[in-house]
Every structure is written in C-alpha cells, then in structure tokens.
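Worksheet: one structure, shown below.
Note that the numbering runs from 1 along the sequence shown for the chain.
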Amino acid sequence: MDADFSLEPSAGGGAPPLLVVSRYRVVDDRSAWLAQMRSALAVLGESEGFVRGWIAQATDDSELLVVSTTWVGVGAYRRALSRFEVKMHVIPLLSTAIDEPSAYEALVVLDGDAGEQLFDSGLAADHDAIGLGSAAAASVASVFSVHSNDDAAGAR
C-alpha cells in the first residue's frame with residue numbers, strides 16, 4: 001500500500017478479520033501429515049470465532065502444504081489457542097510449521113456482497129520492541145491507520 005493511503009474505515013470500528021497461515025515442508029509420510037492437519041482443523045473449527053479453514057498444497061512444490069484459517073478477529077484466535085483441546089491436538093502441529101509469521105490482520109477486505117471494507121490495524125507501534133518478558137506502555141498507537149496520512153507514513 002502507498003504511504004498516502006488515507007481512506008476512512010468502513011467497518012464501523014469493528015475488529016479486523018484475522019488470517020492465519022501455517023506452512024509445512026512435508027517430505028515423507030504425507031498421509032500421516034494430512035490426517036494430523038485434518039484433525040487440527042476440526043478442533044479449531046469447534047472454536048468460537050472460527051470462520052473457515054482449509055488445507056492446501058503449493059501448485060509448484062508438492063512438499064509444501066499449508067493449513068489456513070480465518071477468524072472474526074485476533075481475540076477469537078487467541079482464545080481458541082488457550083482451549084485444552086487445541087493445546088493437545090493443534091499446538092503440536094503448529095510447533096512443526098515453518099518458522100515465520102503466521103497471523104495476519106485484514107486491512108482491506110473485498111466481499112462480493114458487502115463490497116470493500118477498510119480496517120485500522122491493531123498492531124501497536126512498539127510491536128518490534130516488546131516481547132515476552134517486556135512491559136508495554138498503557139496505551140500505544142497503532143502502527144497503521146487508514147484515518148490519516150501521518151499514521152500511514154510513520155508505519156512505512
């Protein structure tokens with residue numbers, strides 16, 4: 001997106017949907033991997049806030065598989081991860097995924113029925129400086145906002 005992206009949000013202040021993409025390099029015992037992925041997807045599908053999920057294969061690399069889920073927001077995904085069933089059946093699979101960011105909040109959603117919806121980012125401006133064992137400020141501005149050019153320019 002351009003730094004001058006400054007459209008007003010159209011989502012009525014709602015939380016942006018969350019896309020989670022976990023990629024796996026599967027070199028042997030593909031049927032066991034697929035069974036574990038299907039089981040994990042079924043457990044996640046029982047969680048509140050789950051919208052949809054799928055297992056897919058790269059079209060140009062048969063060893064690369066992905067488990068992808070969509071959630072009503074980051075809060076629903078985080079609550080799902082705290083469920084006992086998820087800790088037992090999903091987290092072991094997630095721990096074997098390719099080590100890269102996997103959760104993405106939507107900024108722009110185009111839906112055939114609802115049209116285009118724009119969302120502000122919930123990512124705090126200090127996201128790179130704060131981690132486990134660190135304390136964040138009581139209130140930290142978002143890294144990106146569709147409200148003004150200043151916020152968008154600062155994020156890029």
Side-chain angles (χ1 to χ4, degrees), residues 1-3 5 7 9 11 14-134 136 140 142-146 151-152 154-156:
M1 285 180 207
D2 296 334
F5 184 72
L7 298 172
L18 186 75
L19 171 66
V20 178
V21 179
S22 300
R23 297 184 322 133
Y24 301 86
R25 176 73 53 193
V26 176
V27 294
D28 58 296
D29 205 2
R30 185 180 176 94
S31 61
W33 275 92
L34 288 170
Q36 186 179 11
M37 290 174 175
R38 290 181 69 193
S39 174
L41 197 55
V43 170
L44 288 170
E46 296 167 351
S47 302
E48 186 174 331
F50 177 90
V51 177
R52 77 177 44 90
W54 55 92
I55 299 166
Q57 173 181 294
T59 58
D60 55 357
D61 185 344
S62 63
E63 293 180 351
L64 192 58
L65 297 175
V66 65
V67 175
S68 183
T69 55
T70 306
W71 300 82
V72 295
V74 67
Y77 179 61
R78 289 181 178 157
R79 285 187 296 279
L81 290 179
S82 69
R83 292 180 50 227
F84 175 79
E85 296 83 359
V86 171
K87 289 179 182 178
M88 292 299 298
H89 301 287
V90 178
I91 299 300
L93 176 67
L94 293 178
S95 70
T96 64
I98 295 172
D99 187 16
E100 62 187 6
S102 61
Y104 300 86
E105 63 181 358
L107 298 176
V108 179
V109 174
L110 181 60
D111 184 319
D113 296 329
E116 183 180 72
Q117 292 182 302
L118 307 173
F119 296 91
D120 283 341
S121 172
L123 187 62
D126 65 351
H127 70 281
D128 286 333
I130 300 299
L132 291 175
S134 301
V140 179
S142 289
V143 70
F144 177 80
S145 173
V146 293
D151 290 338
R156 306 289 174 215

Output for pair (D28 CG, E63 CD), nearest 0.5 Å, gives 9.0 Å
Taken in chain and number order and not counting sequence neighbours, the residues that satisfy side chain to side chain contact (heavy atoms under 4.5 Å, CB included) with R78 are V74
Heavy-atom closest pair (S68 atom, L41 atom, distance to 0.1 Å) is O-CD1, 4.4 Å
When rounded to the nearest 0.5 Å, the distance separating OG1 of T96 from CG of D99 is 11.5 Å
Across all chains, not counting sequence neighbours, the salt bridge (charged side-chain N to carboxylate O under 4.0 Å, His left out) partners of E48 are none
Here the ring pair (Phe, Tyr, Trp, His ring centres under 6.0 Å) pairs for residues 37-76, sequence neighbours left out, are F50-W71, W71-Y77
Going by heavy atoms in the side chains, are P16 and L107 under 4.5 Å from each other? no
Shortest non-hydrogen pair, K87 vs P92, comes out as O-CD, 3.5 Å
Heavy-atom nearest pair, V109 first then P17, reads CG2-CG, 4.1 Å
message: Do E116 and V108 make a side-chain contact, defined as non-hydrogen atoms from C-beta onward lying under 4.5 Å apart?
response: yes
* Beyond-backbone contact of V21 with T69, side-chain heavy atoms, under 4.5 angstrom -> no
Taken in chain and number order and not counting sequence neighbours, the residues that satisfy side chain to side chain donor-acceptor pair (under 3.5 Å) with D61 are R25
CH2 (W33) and CD (Q36) are apart, to the nearest 0.5 Å, by 6.5 Å
Across all chains, not counting sequence neighbours, the side chain to side chain contact (heavy atoms under 4.5 Å, CB included) partners of R83 are V43, E46, S47, E85, V86
By side chain to side chain contact (heavy atoms under 4.5 Å, CB included), S102 pairs with (sequence neighbours left out) V20, S22
CD of E105 to CG of L19, rounded to nearest 0.5 Å, is 11.5 Å
Across all chains, not counting sequence neighbours, the side chain to side chain donor-acceptor pair (under 3.5 Å) partners of R23 are E100
By side chain to side chain contact (heavy atoms under 4.5 Å, CB included), L34 pairs with (sequence neighbours left out) R30, M37, I55, L65
Item to complete: Mind running side chain to side chain contact (heavy atoms under 4.5 Å, CB included) on L81 and L94 for me, showing each step along the way?
Response: CA-CA 11 Å; L81 290 179; L94 293 178; 4.1 Å; yes
With Y24 as partner, the option from L64, V66, L93 fulfilling side chain to side chain contact (heavy atoms under 4.5 Å, CB included) is L93
